[in-house]
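Note that ligands are numbered from 1 as they come in the structure, with each ligand's atoms numbered from 1 the same way.
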Amino acid sequence: MTRDWVEWHDEYGTPGSPLARRREVVRGYLRPLLDRPRRVISMCAGDGRDVLPLLPAGSQAVLVEWDPVLAARAREDAGAGVTVLTDDAGTTTPYASIAPADVVLACGVFGNISYEDTQTTIASLPSLLAPGGTVIWTRGGAEAEAVRDLFAGNGFTELGFTAPPDARFRVGAHRLSRDPDPYLSGVRLFTFV
Ligand SMILES: C[S@@+](CC[C@H](N)C(=O)[O-])C[C@H]1O[C@@H](n2cnc3c(N)ncnc32)[C@H](O)[C@@H]1O
């Protein structure tokens with residue numbers, strides 16, 4: 001069954017809901033990173049409202065979202081320098097114009113792909129990042145520990161990890177602490193399940 005991602009986004013409209021709280025945590029990690037114009041990628045961006053309100057003028061961003069309704073919502077809020085692509089975020093191709101990025105958002109991705117694809121994606125992130133670039137990611141429940149391990153094993157340093165005791169969502173922020181890899185187009189990262 002294909003999930004209705006537009007309906008999934010409705011929970012953001014309920015103050016205090018897990019999704020609304022998760023977005024505030026994501027924004028909390030983003031704010032200090034967006035202290036000046038940056039190059040930003042959002043994979044599976046949804047309506048983009050985690051990052052779009054925080055982008056400083058002069059930033060460049062590519063948001064990739066498959067659902068045309070959600071992509072249109074993101075476009076409504078997109079300022080100059082922001083490109084919203086209605087496209088498959090699961091290959092490196094849509095990031096050609098923005099890599100290497102200072103910040104990559106992978107929120108709501110790892111819970112919807114296989115562990116093997118999570119491994120592949122995290123191993124490939126250094127090819128999308130500038131030196132010292134940061135990934136902000138989410139994953140529900142205990143599986144987030146495996147994601148932390150994968151970042152650690154691929155040359156990232158943890159800047160922060162939030163695991164509220166009364167909610168299932170987890171949010172991590174990891175900075176690339178080795179040299180980036182060269183960008184390559186056409187590399188398959190993941191397929192949504
Ligand atoms: C769990 S939601 C996360 C949305 C947003 N990142 C957030 O955290 O609010 C997953 C999103 O991925 C989108 N999606 C699913 N498959 C995709 C693909 N292959 N390429 C791009 N977006 C995809 C869905 O339409 C949905 O908006």
**Study point:** Numbered atoms of ligand 1 (with element) below 4.0 Å of Cys107, judged on heavy atoms
**Key:** 3 (C), 5 (C), 6 (N), 8 (O)

Point to revise | Ala89-ligand 1 polar pair, N/O distance under 3.5 Å | key: yes

**Study point:** For Tyr12, the ligand 1 atoms whose distance to one of its heavy atoms is below 4.0 Å
**Key:** 7 (C), 8 (O), 9 (O)

Exercise for review: From the options Glu11, Arg23, Arg22, select the one whose nearest heavy atom is closest to atom 8 (O) of ligand 1.
Suggested key: Arg22

Review point. Should you measure from each heavy atom of Asp87, which atoms of ligand 1 turn up under 4.0 Å away?
Key: 20 (N), 21 (C)

Check your understanding: Where's the contact between Leu70 and ligand 1, heavy-atom distance under 4.0 Å: side chain, backbone, both or neither?
Key -> side chain

Check your understanding: N/O of Asn112 under 3.5 Å from N/O of ligand 1, yes or no?
Key -> no

Check your understanding: With sequence neighbours left out, what residues match Arg38 under salt bridge (Lys or Arg N to Asp or Glu O under 4.0 Å)?
Key -> Asp35

Review point. Heavy-atom contacts under 4.0 Å between Trp66 and ligand 1: side chain, backbone, both, or neither?
Key: both

Practice item. For ligand 1, indicate whether the residue Ser42 contacts it via side chain, backbone, both or neither (heavy-atom separation under 4.0 Å). Key: neither

Practice item. Would you tell me which option among Gly108, Gly46, Cys44 has the nearest heavy-atom contact to atom 6 (N) of ligand 1? Key: Cys44

Practice item. For Asp88, enumerate each residue passing the salt bridge (Lys or Arg N to Asp or Glu O under 4.0 Å) test, keeping only those at least two apart in sequence or located in another chain. Key: Arg188

